[in-house]
2 protein chains.
Amino acid sequence: METRELRYFVAVAEELHFGRAAERLGIAQPPLSRAIGQLERRLGARLLERTSRSVALTGAGEVLLAEARTALDAVAAAERRTRRAAEAPTGGAGLVLVSKAGAANELVAKLLDQYAAEPDAVGVDVMLVGPGLQEQALRDGRADVAILHAPWDDVAGFDTEVLTVEDPAVLVQAGHPLTGRDAVHASELEALVGLPAPRWPDREGRYADGPGPEVHDVTQLLQLIALGRTYLVAPVSAAAQAGEGVAAVPLLGAPPVTTLLAWPPQSRSRDLASFVRVATGA
Amino acid sequence: METRELRYFVAVAEELHFGRAAERLGIAQPPLSRAIGQLERRLGARLLERTSRSVALTGAGEVLLAEARTALDAVAAAERRTRRAAEAPTGGAGLVLVSKAGAANELVAKLLDQYAAEPDAVGVDVMLVGPGLQEQALRDGRADVAILHAPWDDVAGFDTEVLTVEDPAVLVQAGHPLTGRDAVHASELEALVGLPAPRWPDREGRYADGPGPEVHDVTQLLQLIALGRTYLVAPVSAAAQAGEGVAAVPLLGAPPVTTLLAWPPQSRSRDLASFVRVATGA
DNA sequence: GAAGCCCATACCCTGGAGGTATCGATCGCG
DNA sequence: CGCGATCGATACCTCCAGGGTATGGGCTTC
């Protein structure tokens with residue numbers, strides 16, 4: 001199977017419409033129909049159930065959609081990381097670290113300082129993205145190593161090292177009724193806080209429907225908290241840099257927040273290995 | 001990048017010889033030279049340093065080799081799993097479980113029985129391979145779920161659930177001096193056992209050089225142990241099924257052996273999920 | 001039943017992948 | 001030092017696969 005075929009199939013599977021998929025791919029509809037037909041014939045599997053009015057995925061089609069996405073990510077990662085490896089000696093960054101915008105700032109700063117002091121250190125670019133998007137950056141090669149927060153971020157499929165374990169806290173507007181309390185229990189959180197959770201964009205930059213403000217970075221989020229429009233559950237350390245107008249209340253009965261370093265398991269890069277070694281204090 | 005280009009590059013990178021790589025790929029040498037040249041031009045990166053007498057990987061080339069291997073595995077997995085998904089309703093196996101030949105037999109049997117009793121159970125094929133080859137089967141889609149043994153097998157990159165934790169033991173010929181002892185400490189194992197470790201084939205079916213007999217399944221290995229030609233460190237449960245002529249001595253000072261279930265993290269298959277649920281006793 | 005939507009088929013054309021022949025550089029050897 | 005052998009690169013040709021346009025044919029909708 002060629003990546004072109006996988007790209008074509010993913011486009012059709014996502015659009016469930018040959019015409020729109022072809023437009024998205026920048027080709028005409030007939031070649032797309034043929035390409036999918038050939039793919040089905042060679043796999044010996046029906047991937048799409050189509051009538052002249054609708055297109056639907058078969059079971060095999062759903063399997064291929066999931067597998068094709070990860071395969072295409074792996075190919076994209078190969079291309080990006082190779083490009084970066086070639087540029088690295090001539091001024092490009094040797095490593096890209098991705099973190100949640102606004103999170104774990106102190107930790108990251110300390111980490112970068114420590115690493116920069118190493119004799120064989122290479123340049124490190126820091127990339128900041130919304131929650132849940134770091135994993136994607138790691139998978140498709142835009143980043144080499146990520147700061148993740150279990151249990152919120154999905155750690156599956158990466159090598160990890162734990163950096164810190166912290167208790168969670170609720171961040172609300174200063175003066176909110178909750179701030180009068182010593183702590184909140186997770187089970188009563190929703191009722192007591194009385195505010196909608198913020199909504200972050202997904203990997204295509206779109207927002208799901210629902211209550212709660214749309215946010216795309218932490219500065220913006222902290223302002224919205226200070227204005228009493230939303231709240232946030234975060235590690236206690238985040239409360240320190242929240243600033244004016246925001247108060248933190250310890251959250252009980254919730255799992256601790258583990259900050260960890262994650263990287264793709266097949267990475268055998270010398271630079272990455274030495275970065276991880278420094279980060280884990282070995 | 002197309003998978004064809006990645007296959008070509010991997011062939012050259014592994015052979016470090018355009019002629020042999022072309023032969024392996026079943027094409028002539030000139031198109032291969034051109035394809036690599038084009039790849040380098042499009043990536044803007046020199047991948048191979050070649051003189052008329054030698055071919056060597058550049059830094060970028062090494063990165064691409066590692067990344068390309070995992071990308072090609074992902075593509076192969078997409079193809080295999082799609083094929084299997086299409087065959088499943090008509091008699092093919094819905095799931096493929098891969099385990100080390102001869103290991104954890106009882107556990108696996110119990111697991112399969114429990115799962116088969118589920119209302120929505122699908123057929124499960126069991127695939128047995130040599131140590132260290134299960135991960136590859138999982139990565140390239142020949143299997144959906146594996147039984148692995150930490151810390152011997154490499155768990156990186158998979159979702160896992162722990163099944164059992166056991167103490168390790170040394171399996172030697174019955175009557176071996178060691179069998180007179182209550183236990184052995186890991187640090188003194190090599191000196192006391194006085195035998196070479198067995199050698200298993202790697203992913204291409206080749207054996208590394210060194211002392212110790214070449215083995216490719218556990219029956220064969222147990223016979224060799226009974227003949228006093230080699231020894232094995234295994235979880236204590238393995239000793240039970242070792243049979244005549246083989247004795248087990250507890251091994252101290254070594255990490256416990258964790259038997260775990262592993263599967264590719266992106267798998268969203270309903271069947272796999274229910275298998276894992278049964279296996280973890282939830 | 002007329003119109004519109006949408007996927008499949010028919011047919012043509014071009015780019016690029018693959019083949020053969022050969023060059024040019026390098027190394028070993030007498 | 002010159003000769004042959006080795007090996008990657010280049011030149012040139014062929015052919016097919018991937019892409020385009022035109023159109024058919026099944027459904028749905030008023």
Side-chain angles (χ1 to χ4, degrees), chain A residues 1-58 60-62 64-65 68 71-72 75 78-79 86, chain B residues 1-58 60-62 64-65 68 71-72 75 78-79 86:
Chain A
M1 278 197 305
E2 292 302 314
T3 62
R4 183 180 44 79
E5 305 180 271
L6 294 178
R7 276 192 297 269
Y8 285 11
F9 174 74
V10 169
V12 177
E14 285 178 355
E15 300 284 347
L16 291 177
H17 189 292
F18 281 72
R20 278 195 300 275
E23 190 181 3
R24 190 172 120 184
L25 292 165
I27 64 170
Q29 170 260 318
L32 181 55
S33 283
R34 255 183 314 157
I36 300 292
Q38 280 178 25
L39 185 59
E40 288 183 322
R41 228 171 309 124
R42 263 189 312 168
L43 287 173
R46 189 144 204 79
L47 300 172
L48 297 161
E49 215 54 70
R50 40 219 144 169
T51 70
S52 63
R53 299 302 289 177
S54 71
V55 176
L57 281 169
T58 64
E62 288 193 33
L64 183 57
L65 178 56
L72 289 175
V75 172
E79 183 159 348
Chain B
M1 276 197 307
E2 293 301 314
T3 62
R4 182 180 45 77
E5 304 180 273
L6 294 178
R7 276 191 297 270
Y8 285 10
F9 174 73
V10 170
V12 177
E14 285 179 354
E15 300 283 347
L16 292 178
H17 188 293
F18 280 74
R20 279 195 301 274
E23 191 182 1
R24 189 172 121 184
L25 292 166
I27 64 171
Q29 171 259 319
L32 181 56
S33 282
R34 256 182 314 157
I36 300 293
Q38 279 178 25
L39 185 59
E40 288 183 322
R41 229 171 307 125
R42 264 190 311 171
L43 288 173
R46 187 144 205 80
L47 300 171
L48 298 161
E49 213 57 68
R50 40 217 144 168
T51 70
S52 65
R53 301 301 291 176
S54 71
V55 177
L57 281 169
T58 63
E62 288 194 32
L64 183 58
L65 178 57
L72 289 175
V75 172
E79 184 160 348

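What's counted below: heavy atoms across the whole structure, side chains too, no hydrogens, waters or symmetry copies. The sequence lines fix the lettering, A, B, ..., with proteins before strands; numbering per chain opens at 1.
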Problem set entry | Side-chain ion pair, A:Glu14 and A:Arg20, N-O less than 4.0 Å | no
Exercise. Taking all non-hydrogen atoms of both residues, which atom of B:Phe18 and which atom of B:Ser33 are closest, and how far apart?
Worked result: CD2-OG, 3.5 Å
For this session: Treat primed atoms plus P, OP1 and OP2 as sugar-phosphate and everything else as base, then score nucleotides 4-18 of chain C 5' to 3': B for base contact with protein heavy atoms under 4.0 Å, S for sugar-phosphate contact only, - for none.
Result: BBSBBB-------SB
Problem set entry | Distance-minimising heavy-atom pair for B:Thr58 and B:Arg46 | OG1-O, 2.7 Å
Problem set entry | Donor-acceptor under 3.5 Å (B:Glu15 side chain, B:Ala22 main chain) | no
Exercise. Just by distance, do the side chain of B:Glu5 and the backbone of B:Glu2 share a donor-acceptor pair under 3.5 Å?
Worked result: yes
Problem set entry | Check: A:Leu48 main-chain N/O paired with A:Glu40 side-chain donor or acceptor under 3.5 Å | yes
Seminar exercise, completed: The first and last nucleotides of DNA chain D lying within contact of chain A, meaning any atom under 4.0 Å from one of its heavy atoms, run from D:dG18 to D:dT28
Exercise. Is the cationic atom of B:Arg4 (NZ for Lys, CZ for Arg) positioned less than 6.0 Å from the six-membered ring centroid of B:Tyr8 and within 45 degrees of its normal?
Worked result: yes
